Amino acid sequence: MTTLAEALRSAIWAQVLAPEELARVQSETIEREIPAGGYACREGEPVNHWIGVIEGLVKLSVVSAEGKAATLAGVPTGGWFGEGSLLRTEPRRYDAVALRDSRIAFMPRATFTRLLDTNIGFNRFLLNQLNERLGQFIGMVAHERLLDPDARVARSLADLFNTFLYPGVTEKLTISQEEIGYLSGVSRQRVNQALRALEDAGLLRTEYGGVTVLDPAALRSYGA
DNA sequence: TCATTAAATTGTT
DNA sequence: AACAATTTAATGA
């Protein structure tokens, strides 16, 4: 099992840190275990940390006034989120639910702010991350009308496969069909059906406990 | 190494 | 939602 220190050292944004700075970040960042179904953070809470997934899978979601839930993104091992709320100094705008037992890193606001103020490379990373996220959301909005479950499943998987945001994610995604269902807002049965359609189309291969992505680009544009 | 069992995941209705 | 089938992981002979 990777330790918190190891996970921080291998994070993409940590590659631009000097050894002393990395050590300082490691000493200031804490880890918490979140059981499946638990919250890493909740909407409306004051934002005091930048949050990273050391190990596991987290779903970012909002609930509308009518109580309808919408998934914004899935964050797998190696992903970090919450920089938007930190930058704007506003309450958390979404829930982060662990879809499986997960180990979550919490970097204090002061640490995050220091990196932002002192490290150009860290700023460049954040710019890229925000840009990738924006691209995801644009794609989401553009395809919102197409409620075709096959396409939704395809998009969820393609987003998870984002190699910049989640460098640890390889073509073999370790994710159950049930978890895909939570991310894409589709029943597990329908996920099963969609996966077979996508497999028939040659975009991926289903396996026990996961799927292997064969054609990421086609997956992203499926149904468009 | 092999057999047994429990747990997780998948396939189907 | 429920059920059966399949795969994996863990256990002990």
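Hydrogens, waters and symmetry mates are skipped; everything else that's a heavy atom, side chains included, is used. Because the structure is predicted, anything quoted here is derived from the model rather than measured. Protein chains get the first letters and strands the later ones, always in sequence-line order, with residue 1 at the start of each.
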Protein-nucleotide distance ([X], atom [atom1]; [N], atom [atom2]), rounded to Å:
| X | N | atom1 | atom2 | result |
| --- | --- | --- | --- | --- |
| E179(A) | dT10(B) | CD | C1' | 13 Å |
| Y208(A) | dG11(B) | OH | P | 11 Å |
| E178(A) | dA2(C) | CD | P | 14 Å |
| E207(A) | dT8(C) | CD | C1' | 14 Å |
| L173(A) | dT9(B) | CG | C1' | 16 Å |
| L99(A) | dA8(B) | CG | C1' | 16 Å |
| I175(A) | dT9(B) | CD1 | P | 11 Å |
| R190(A) | dG11(B) | CZ | C1' | 15 Å |

Salt bridge check, D95(A) against K59(A): does any charged N sit closer than 4.0 Å to a carboxylate O?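 D95(A) and K59(A): not salt-bridged.
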For R100(A), answer base if it contacts any base atom (sugar-phosphate contacts may also be present), sugar-phosphate if it contacts only those atoms, and nothing otherwise; contact means non-hydrogen atoms under 4.0 Å.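 Touches nothing.
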Report yes if a donor N or O on one partner sits less than 3.5 Å from an acceptor N or O on the other, where the partners are the side chain of R188(A) and the base of dG11(B); otherwise report no.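 For R188(A), whose side chain was compared with the base of dG11(B), there is a donor-acceptor pair (under 3.5 Å).
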Might you confirm whether atom CZ of R133(A) has over 12 heavy atoms from other residues, nucleotides or ligands at distances under 6.0 Å?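 Correct, the count exceeds 12.
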More than 12 heavy atoms from other groups under 6.0 Å of OH on Y182(A):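 Counting neighbours around OH of Y182(A), 12 or fewer heavy atoms of other residues, nucleotides or ligands fall under 6.0 Å, so no.
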Counting only side-chain N and O atoms of Q177(A), is one of them less than 4.0 Å from OP1 or OP2 of dG11(B)?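 Yes, because at least one side-chain N or O of Q177(A) sits under 4.0 Å from OP1 or OP2 of dG11(B).
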With a 4.0 Å limit, can you tell me whether N192(A) has a side-chain N or O closer than that to the phosphate oxygens OP1/OP2 of dT10(B)?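 No, because none of the side-chain N or O atoms of N192(A) sits under 4.0 Å from OP1 or OP2 of dT10(B).
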Are Y39(A) and W80(A) connected, step by step, through hydrophobic side chains (Ile, Leu, Val, Met, Phe, Trp, Tyr) whose heavy atoms are closer than 4.5 Å?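 The answer is no; the residues belong to distinct hydrophobic clusters.
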